[in-house]
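Worksheet for the structure shown next.
Note that ligands are numbered from 1 as they come in the structure, with each ligand's atoms numbered from 1 the same way.
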Amino acid sequence: MGLHQSDALDVERIREEFPILDREVGDGQPLVYLDNGATTQKPDRVIDAIADYYRTYNANVHRGIHQLSQEASIAYEEAHDAVAEFVGADGREEIVFTKNTTEAENLVAYAWGLNELGPGDEVVLTEMEHHASLVTWQQIGEKTGADVKFIPVTDDGRLDMDAAAELVTDDTEMLSVVHVSNTLGTVNPAADLVDLAHDHGAYAFLDGAQAVPTRPVDVNDLGADFYAFSGHKMAGPTGIGVLYGKQELLEEMEPYLYGGDMIRKVTFEETTWNDLPWKFEAGTPNIAQAVGLAEAIEYLEELGMESVQRHEERLAEYALDRMAEFDDIEIYGPTEPTDRGGLVAFNLDGVHAHDLASIMNDHGVAIRAGDHCTQPLHDKLGVAASARASFYVYNTTDEIDALLEAVDDARQLFA
Ligand code: C6P
């Protein structure tokens, strides 16, 4: 059992592990960091693991027989094992390191979609997809002639599952769904959607960018064919993301990028591919970032992902309750905390989300304002932008109170 493993997270102790939380912003306000959906902060041990790699065993991987290269290669390969175990994959063969979730989406869209799709085929997405998936499949649709359809979002911010059952047909080749919406906070019924895809012979891709950092995820339990997430949203570094793919599918797929390390044998006439996952990891990879991600995973495992999820749910519930006290705050997404992730997007009557974020900033409160890379969803909601507070393991209810104080300030200023 890890140091922190218990029902509730020891937030005071956790905060000490994140050096950035000590800093002040503006004219001396303590930082209240509520922009974790965009990227989370990093604990000392992740920063140290990256520095230790550069200080003591920096070398390229899979290219040298000298000791440093061997040490770096082992750490890089073991990072794949750590990720595989964390998300319940069968082994490192199923874990491809990418730059981020976006690159993982593009990898499947290009390596699979471009080769397999054609006129008459359908790709089904949802109206709450992030641009990383929406724009990517839209482009693949344009290039291949495949139709791209969208499962509608209901007024209470959930997927219309009756419409989903109609939209997914035997012509559907891929169902790509966000596991936890970065705007509505909705936790989608991922396993049911995977089953729906499989009932029609389609593959299922889950975008887990907001899910893996905040709750236990087991790709085998979900049955997903592909699953993607980013290291930087889970206390790890930027520059590293993960594509999980079922081994047999990755074996069949063409590579996405060509070059060094992804090959087995090259002649002037032809090339054969390396084993998984290296077949999809061309060129010098993000070694330091892989080391940092493995450390972040160990850290989260010590906290316990069930405890992380409960903490997120408690904060979301508190924020929803507090915001519900005010008639001039419109909340997007499910208003009950069930099946909801730890983020709340909202608008204050008469105040543009950017102005609100700017007033928050004056209070030392960091939130995101804009369309959160879900423009079509915002169109559907009838707003150009929203403000979004998103929580992580170090956030407290006091910080949500600070957010509400800043909202009050904005209310007075714009009254
Ligand atoms: N959402 C947010 O503030 P990248 O940028 O590739 O690491 O992740 C893309 C991505 C894909 N899917 C979902 C559900 C996401 O939330 C994100 C990233 C950030 O909401 C930046 S737009």
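- Among Ile20, Leu9, Leu21, the single residue meeting the side-chain contact (heavy atoms from CB on, under 4.5 Å) criterion with Tyr394 is Leu21.
- Between His352 and His354, the angle of the ring planes stays under 30°, which puts this pair in the parallel group of the 30/60° scheme.
- Here the side chain of Arg340 pairs a donor or acceptor atom with the backbone of Leu184 at under 3.5 angstrom.
- Contact shell of ligand 1 (protein heavy atoms, cutoff 4.0 Å): Gly37, Ala38, Asn100, Thr101, Thr102, His130, Ala132, Val178, Asn182, Asp207, Ala209, Gln210, Ser230, His232, Lys233, Arg368, Cys373, Arg388.
- Under the 30°/60° scheme for interplanar angles, the aromatic rings of Phe18 and Tyr299 are found to stand perpendicular.
- Ring-centre distance between Phe205 and Trp137: not below the 6.0 Å cut-off.
- Side-chain contact check for Tyr256 and Glu281: no donor-acceptor pair (N or O, by modelled atom type) lies under 3.5 Å.
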